[in-house]
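Given the structure is predicted, the values throughout are model-derived calculations rather than measurements. All values below were derived from every heavy atom in this structure, side-chain atoms included, with hydrogens, water molecules and symmetry-related copies excluded.
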Amino acid sequence: MKHNFGAGPCILPQEVFKQAAQAVLDFNDGLSILEISHRTTEFEAVVAEADKLVKELLNVPSGYSVLFLQGGASLQFAMVPMNLLGDGQTASYLDTGVWATKALKEAKFVGNVNVVASSKDSNYTFIPKDFEIPTDSAYFHYTSNNTIYGTELFDVPETSVPVVCDMSSDIMSRVIDVSKFDLIYAGAQKNIGPAGLTIVIVKNDALGKIDRKNPSMLNYQSHIDNDSMYNTPPVFSIYVALLNLRWLKSKGGVAEIEKENKQKAEALYREIDRNPLFKGTCAVEDRSRMNICFVMENPELEKPFLKYAEEEGIVGIKGHRSVGGFRASMYNALPITSVHALIDAMQVFEEKQAKAN
């Protein structure tokens, strides 16, 4: 058995894999999900149900649209300012890691950007606190979870300006108040579905306030007016996302999965803090539940531990090259048994080192 801690594209429930595999062979009376037209009533029903489940699971208020787009969060880095940042306006960004940096970089191509705070000088090991967001900002943008560095921002910063959030790696993992946001975007390949799909939840009143004429494909309103079918949508990715959303609902929804995610994270952090061979890399108060980053007190033991973990069926824990060490990504579908397998491996490795010394 493989215990998949990969950062993404990541683990999905086994039942979702099986249902998706069957649909590849036969989705509708002998036709594969890969070959049906997105204009069929059958697929229109898939999109409608996926839309309904996103709104239900996240308790999305009325007045918001859910969009199923392509291009990943990286395209949203540009689409957000193109649709929300008017000429002469300034957008405020919180810099908490690589993806936040890329988002603000793209926004600079469109207009003025104000970085309200950054933890770059500390290699993004904490979330900045007590920063000020200028009240004349067109919007405030932040990344809720930082996959590379293992930090997560659980509380929405207080501000009177529109809030935009990249929730690619923690959406659907915990309860959120969507009404606090004007726009949320998320690449699907963590907790929603396979790569190739991007979810956007946008407050309808946030749009149409700037004079810029954007190309149709880069205009949120184009996709709203066409029910996410302005062009051919990522049919298979949306279908698998639907299966995964059904699975999440059957588990009791976001509130229930949040309880499981807390248990998984607390168990692994407890072992990291207890085991003398390991240590966490970021501020305790900012520790992510989704991406747990840690290193060894003796760096020379990292390769031997990685080798041992792989022998035990534990895959995907090698840390990002900019941080090193290890990263255990624990998205919704990762069972707690896999977390216990990693903890057991850490404890056995500790025993082996004690005997060797």
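In the model, Q22 has no side-chain atom that pairs as donor or acceptor with a side-chain atom of D26 under 3.5 Å. Counting only N and O atoms by type, the side chains of N332 and S173 include no donor and acceptor under 3.5 Å apart. One side chain, N291 or N145, offers a donor N or O that lies under 3.5 Å from an acceptor on the other. A donor-acceptor pair shorter than 3.5 Å can be found between the side chains of N114 and S92. In this structure, a donor-acceptor pair under 3.5 Å is absent between the side chains of N123 and T125.
Pairs passing the ring pair (Phe, Tyr, Trp, His ring centres under 6.0 Å) check and including a residue from residues 162-185, sequence neighbours excluded, read H141-Y185. Identified under the salt bridge (Lys or Arg N to Asp or Glu O under 4.0 Å) test for residues 230-249, with sequence neighbours left out: E49-R246, E56-K249. Sequence neighbours left out, the pairs with a member in residues 252-291 that pass ring pair (Phe, Tyr, Trp, His ring centres under 6.0 Å) are F278-F294, F278-F305. Residue pairs that meet the ring pair (Phe, Tyr, Trp, His ring centres under 6.0 Å) test with at least one member in residues 39-78, sequence neighbours left out, do not exist here.
At a threshold of 4.5 Å between non-hydrogen side-chain atoms, the residues V200 and L183 count as touching. I171 places a side-chain heavy atom less than 4.5 Å from the side chain of L58. Side chains of V161 and D182 form no contact here, defined as non-hydrogen atoms less than 4.5 Å apart. With a 4.5 Å cut-off on side-chain heavy atoms, H38 and M229 count as touching. Two residues are said to be in side-chain contact when any heavy atoms from C-beta on lie closer than 4.5 Å; V295 and K279 meet this criterion.
For E300, the CD atom is loosely surrounded, since the number of other residues' heavy atoms within 6.0 Å does not exceed 12. Taking a 6.0 Å sphere around CD of E132, one finds it holds 12 or fewer heavy atoms contributed by other residues, nucleotides or ligands. For R39, the CZ atom is densely surrounded, since the number of other residues' heavy atoms within 6.0 Å is greater than 12. When the shell of 6.0 Å around NZ of K129 is examined, it contains more than 12 heavy atoms from other residues, nucleotides or ligands. Counting heavy atoms of neighbouring residues, nucleotides and ligands inside a 6.0 Å radius, atom CG of D121 does not exceed 12 of them.
In this structure, the side chain to side chain contact (heavy atoms under 4.5 Å, CB included) partners of N204, at least two apart in sequence or on a different chain, are S65, I224. Under the side chain to side chain contact (heavy atoms under 4.5 Å, CB included) criterion, D95 pairs with A100, T101, L104, V115, S118, K120, Y124, not counting sequence neighbours.
Put simply, the side chain of N275 gets close to the backbone of L277: a donor and an acceptor are under 3.5 Å apart.
Note: W99 CH2 to T143 OG1 = 10.0 Å, rounded to the nearest 0.5 Å.
Ring centroids of F326 and F5 are separated by 6.0 Å or more, keeping the two rings apart.
Across all their heavy atoms, H3 and A341 have their closest contact at NE2-CB, 3.6 Å. Smallest separation of non-hydrogen atoms from F126 and A283: CB-CB, 3.9 Å. The nearest pair of heavy atoms linking C282 to G150 is SG-O, 3.1 Å.
Here E271 pairs with R274 in a salt bridge; the nearest charged N to carboxylate O distance falls below 4.0 Å.
Here the options are L57, V16, V240, the test is side chain to side chain contact (heavy atoms under 4.5 Å, CB included), and the partner is L245; only L57 passes. Exactly one residue among E256, E152, E258, E260 makes a salt bridge (Lys or Arg N to Asp or Glu O under 4.0 Å) with R174. That residue is E152.
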